[in-house]
Amino acid sequence: MNILFASSEAHPLIKTGGLADVAGSLPRALKSAKQEVRLVLPAYPGAISRAEKLKLVSDVVLAGARTPVRLLEGWLPGSRVRLYLVDSPEHFDRPGGPYLDEAGNEWPDNAARFALFSRAVSAIAMNCAGLGWQPELVHCNDWQTGLVPALLACRAQRPATLFTIHNLAYQGLFDWANFQSLKLPLDWWSMERLEFHNQLSFIKGGLVYADWINTVSPSYAREIRSEAFGCGLEGLLQHRQDRLSGILNGVDYRVWNPGKDKLLAQTYTVRSLERKRENKQALQQAFGLPERAGFPLLGHVGRLVDQKGLDLVIELIPELIKRRLQLVVLGTGQPELEQALRTASQQYPEQIGVRIGYDEQLAHLLEAGSDLFLMPSRFEPCGLNQIYSLRYGTPPIVRRTGGLADTVSDADAANLAAGTANGFVFEQISAAALLEAIDRALGCYTQPQVWRALQSAGMSADFSWTRSAEEYLRLYQRISENPIEHPDCQRRGIRNAQVEAIL
Ligand code: ADP
């Protein structure tokens, strides 16, 4: 199949979270399955400098852009995946992150930036970008690409569209003035289309107009149809539930493999688990913690936001330091969480180590050097870190939600007896429930045979992309054979003219 994969980030070009891991590895897995998949991203400076063999292939005139957008073509590093970068310097050539400036504030022109990106993706999708190539399906990811299915819905000879929700909490909401400035069809400002509580919602473009919606784990696909997880969009998702499914993310074991990982102090496998200890020592050193015989080391890496439940860990600190354990945390995010963690590490320098920042090498060392990985998320669409920690022989402690529920089997009596236990799972969003799980984990840690069984169950589990990529391919085929006609398109003549004008 010819597939266009549109994303606002992809490892190793640019990364803020799990979406980048997926966009950097699923296209590669599809390519290995002999599909013609091409990746398109905004041309951030980091992406330009890391892409391989980049050259200018065309200038595309898009509505709303003062100058033509330059389409650069190259390769996703170390792969056979063709890459397009949408180069509009006034939108993407700036320091800071893809969504936030250097001070951590959202770029004020995010609506214009990702509307332009979506228009460029739509132009490629319609073979209007001078590439002489048209995909049969466009795979859109998260709100930054949400306008694409809406822009394409009523076009004749359009490709099929799939919209993947990596995190429903990020919706791309903008005010009326932004909506007006984007010059989108005025009737999109309605509850049935892109308006959401008096704001323009980019994600609704995907949820309303895509031929199919999926999310990154089967559990999250169920959860988001409920009020507790639906972020106000549960009604729409219930309405579309016949075309909504979940496919668990795979992980890239070329990047995350303790047997070959060059970012570790020492590589190891399930047969040489004793070498894992050298990573623990290196990790303690990196965080300035002393070695303490018999103390398990609990680790966490991730964005410090409410979703991830680190406030529960912070609440537990007075309890945790009474136990014979150490804790290390690597992350950036909400200032109050950063500050609380910093304070804890200053108060208990022998037991708690904290690094505020983004550090890929340290993230790998943390997965390998910790004895237990903490992931008490309130919600978790898929979660990758717990899957990495399974492979690194670092049993995760997780809340039973989303992808965590789909990947971690609790060390209860039945799972231990069956040999399927690989971590610790708790239910309630509360510090007490988390503590109970930590205490169970500490109990198992003192039983070498049980511990070893947990580690090997996790290390031998296979969450590679091969299986998930096959599932995606089956879904792509199903969608492209069976696209929907959105009710809007019955007025096709008018809509088509309108949409062509805004492409
Ligand atoms: P999310 O997508 O919600 O951020 P995931 O667990 O799916 O969470 O993926 C997070 C990815 O980002 C992982 O690859 C993780 O290692 C990485 N990551 C997050 N924060 C940091 C950090 N501070 N330093 C290094 N890597 C990080």
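In listed order, ligands and their atoms are each counted from 1.
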What I'd like to find out is whether the side chain of [X] reaches to under 4.5 Å of the side chain of [Y], using heavy atoms alone.
X	Y	value
Asp439	Arg323	yes
Ser8	Asp142	no
Tyr44	Leu13	no

Parallel, tilted or perpendicular: ring planes of Tyr220 versus Phe379, cut at 30 and 60 degrees: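 Because their plane-to-plane angle is under 30°, the rings of Tyr220 and Phe379 count as parallel.
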
Within the 4.0 Å heavy-atom shell around [X], which atoms of ligand 1 are there?
X	value
Ala363	25 (C), 26 (N)
Val301	21 (C), 22 (C), 27 (C)
Gly331	23 (N)

Any donor-acceptor N or O pair under 3.5 Å, side chains Asn279, Tyr268: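 Result is no, nothing qualifies.
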
Flag for Ser245-Asn214: side-chain donor and acceptor within less than 3.5 Å: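 Judged by distance alone, the side chains do not pair up.
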
Check: Trp143 ring centroid to Phe174 ring centroid under 6.0 Å: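 Between Phe174 and Trp143, which both carry aromatic rings, the centre distance is below 6.0 Å.
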
Atom pair CG/SG of Asn167 and Cys231 - distance to nearest 0.5 Å: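 Asn167 CG to Cys231 SG: 7.5 Å, rounded to 0.5 Å.
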
Pick from Asp359, Asn167, Thr332, Asn249: the one approaching atom 25 (C) of ligand 1 most closely through a non-hydrogen atom: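 Looking at heavy atoms only, Asp359 sits closest to atom 25 (C) of ligand 1.
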
Heavy-atom nearest option to atom 26 (N) of ligand 1, drawn from Trp256, Tyr170, Tyr358: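 Closest candidate by heavy-atom distance is Tyr358.
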
Salt-bridge contact Glu350-Arg292 (side-chain N to carboxylate O under 4.0 Å):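 Yes.
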
Cationic N near anionic O, under 4.0 Å, Arg94 to Asp109: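 Between Asp109 and Arg94 there is a salt bridge, with a charged N closer than 4.0 Å to a carboxylate O.
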
Short N or O distance, Gly18 and ligand 1, threshold 3.5 Å exclusive: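 Such a contact does occur with ligand 1.
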
Contact (N/O only, under 3.5 Å) between Asp21 and ligand 1: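 Yes; at least one N/O pair falls below 3.5 Å.
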
Closest approach of any protein heavy atom to [atom], naming residue and atom:
atom	answer
atom 4 (O) of ligand 1	Arg303 NE, 2.8 Å
atom 7 (O) of ligand 1	Leu384 N, 3.3 Å
atom 23 (N) of ligand 1	Gly357 O, 2.8 Å
atom 12 (O) of ligand 1	Lys15 CE, 3.6 Å
atom 16 (O) of ligand 1	Asn385 OD1, 3.2 Å
atom 19 (C) of ligand 1	Gly302 CA, 3.8 Å
atom 8 (O) of ligand 1	Lys308 NZ, 3.1 Å

Cys382 heavy atom under 4.0 Å from ligand 1: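 So Cys382 does not count as touching ligand 1.
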
